[in-house]
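Just so you know, these numbers use all the heavy atoms, side chains as well, and skip hydrogens, waters and symmetry mates.
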Amino acid sequence: MKATGIVRRIDELGRVVIPKEIRRTLRIKDGDPLEIFTDRDELMLKKYSPIATLEKFSEGTTRSLSDLSGCLAVICDTDEILYASGEGRKELARKQISSRLEQVMKERRSYIANLAEGGDIVPLAEGADMNITAQIIVPIVAGGDCLGAVSLLSAEEGAHMEASAVKLCRLTADILANQFL
């Protein structure tokens with residue numbers, strides 16, 4: 001754990017203000033849920049990620065999705081890539097999501113792009129340099145809230161995402177979303 005040098009007092013209602021600089025750095029927005037951990041005399045706050053609570057399930061799902069589609073499969077929450085399976089997974093694992101992916105998730109609509117047809121490929125992670133030629137991004141929406149996204153990526157020359165891959169991606173997002181209903 002890293003000390004910031006910032007000290008805040010707790011008010012009479014037990015509230016403490018998280019400084020704006022820290023909220024910005026950690027991408028904590030108004031209304032974001034925080035999980036509280038304690039260990040002896042330490043208190044730790046962590047951004048809550050419902051998708052991350054399904055760790056083993058999501059990890060296995062990503063692996064199965066990659067095996068079935070033959071593509072790089074990715075599951076992310078609203079902050080970072082949680083799981084990636086397939087060729088190129090190391091480029092994405094545990095990286096912060098890109099602002100363009102964040103925008104796709106906010107729109108709550110599936111996004112399909114094929115470079116061979118002039119589509120615009122959305123980078124999934126900030127700073128990830130990958131030669132993706134086709135992609136599907138399907139937001140995971142439960143109770144009206146976007147919890148993350150499921151994505152399939154291909155780097156094959158002239159790749160085109162088939163309808164079956166789109167359905168597989170949508171099914172995966174629906175299954176994950178139904179875990180929270």
Atom of Ile81, atom of Ala125 and distance for their closest heavy-atom approach
CG1-CB, 4.3 Å
Restricting to non-hydrogen atoms, name the atom on Pro139 and the atom on Ala173 that form the minimum distance, rounded to 0.1 Å.
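The pair with the smallest heavy-atom distance is O-CB, 3.8 Å.
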Candidate pair Gln135 and Val122, rule side chain to side chain contact (heavy atoms under 4.5 Å, CB included), full reasoning:
CA-CA 8 Å; Gln135 74 182 162; Val122 171; 3.4 Å; yes
Hey, quick one: are [X] and [Y] part of the same hydrophobic cluster, counting side-chain heavy atoms closer than 4.5 Å, chains of contacts allowed?
X: Ile137; Y: Leu65; value: no
X: Ile75; Y: Met130; value: no
X: Leu152; Y: Val141; value: no
X: Val138; Y: Ile140; value: yes
X: Leu68; Y: Leu72; value: no

Please identify each residue that fulfils salt bridge (charged side-chain N to carboxylate O under 4.0 Å, His left out) with Asp77, with sequence neighbours left out.
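In terms of salt bridge (charged side-chain N to carboxylate O under 4.0 Å, His left out), with neighbours along the sequence ignored, Asp77 is linked to no residue.
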With Glu80, which residues qualify under salt bridge (charged side-chain N to carboxylate O under 4.0 Å, His left out), at least two apart?
Arg94
Between Leu147 and Phe180, is any pair of side-chain heavy atoms under 4.5 Å apart?
yes
Is there a side-chain contact between Cys76 and Met105 in this structure, where contact means two heavy atoms from C-beta onward sitting under 4.5 Å apart?
yes
Under the rule for side-chain contact (heavy atoms from CB on, under 4.5 Å), what residues qualify as partners of Glu42, not counting sequence neighbours?
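Residues passing side-chain contact (heavy atoms from CB on, under 4.5 Å) with Glu42: Met1, Asp39.
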Would Val150 and Val74 satisfy side chain to side chain contact (heavy atoms under 4.5 Å, CB included), going step by step from the backbone distance to the final call?
CA-CA 6 Å; Val150 175; Val74 174; over 6 Å; no
Scan residues 149-172 for pairs that pass side-chain hydrogen bond (donor to acceptor under 3.5 Å, both in side chains), counting only residues two or more places apart or in two chains.
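Output for this query lists Ser110-Arg170, Asn114-His160, Glu117-His160.
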Hey, could you give me each pair passing side-chain hydrogen bond (donor to acceptor under 3.5 Å, both in side chains) that has a residue in residues 19-31? Not counting sequence neighbours.
Arg27-Glu102
Neighbour count >12 (heavy atoms, 6.0 Å) for atom CG, Asn178
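Atom CG in Asn178 is packed in, count exceeds 12.
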Counting only heavy atoms not in Glu126, do more than 12 sit closer than 6.0 Å to its CD atom?
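Yes, CD of Glu126 has more than 12 neighbouring heavy atoms, counting only those of other groups under 6.0 Å.
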For Asp11, what residues pass the side chain to side chain donor-acceptor pair (under 3.5 Å) criterion, not counting sequence neighbours?
Arg15
To the nearest 0.5 Å, tell me how far Leu26 CG sits from Lys46 NZ.
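Going from the CG atom of Leu26 to the NZ atom of Lys46 covers 12.0 Å.
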Using the side chain to side chain contact (heavy atoms under 4.5 Å, CB included) rule, take Glu87 and Cys71 through it: C-alpha gap first, then chi angles, then the decisive distance, then the call.
CA-CA 8 Å; Glu87 190 155 334; Cys71 296; over 6 Å; no
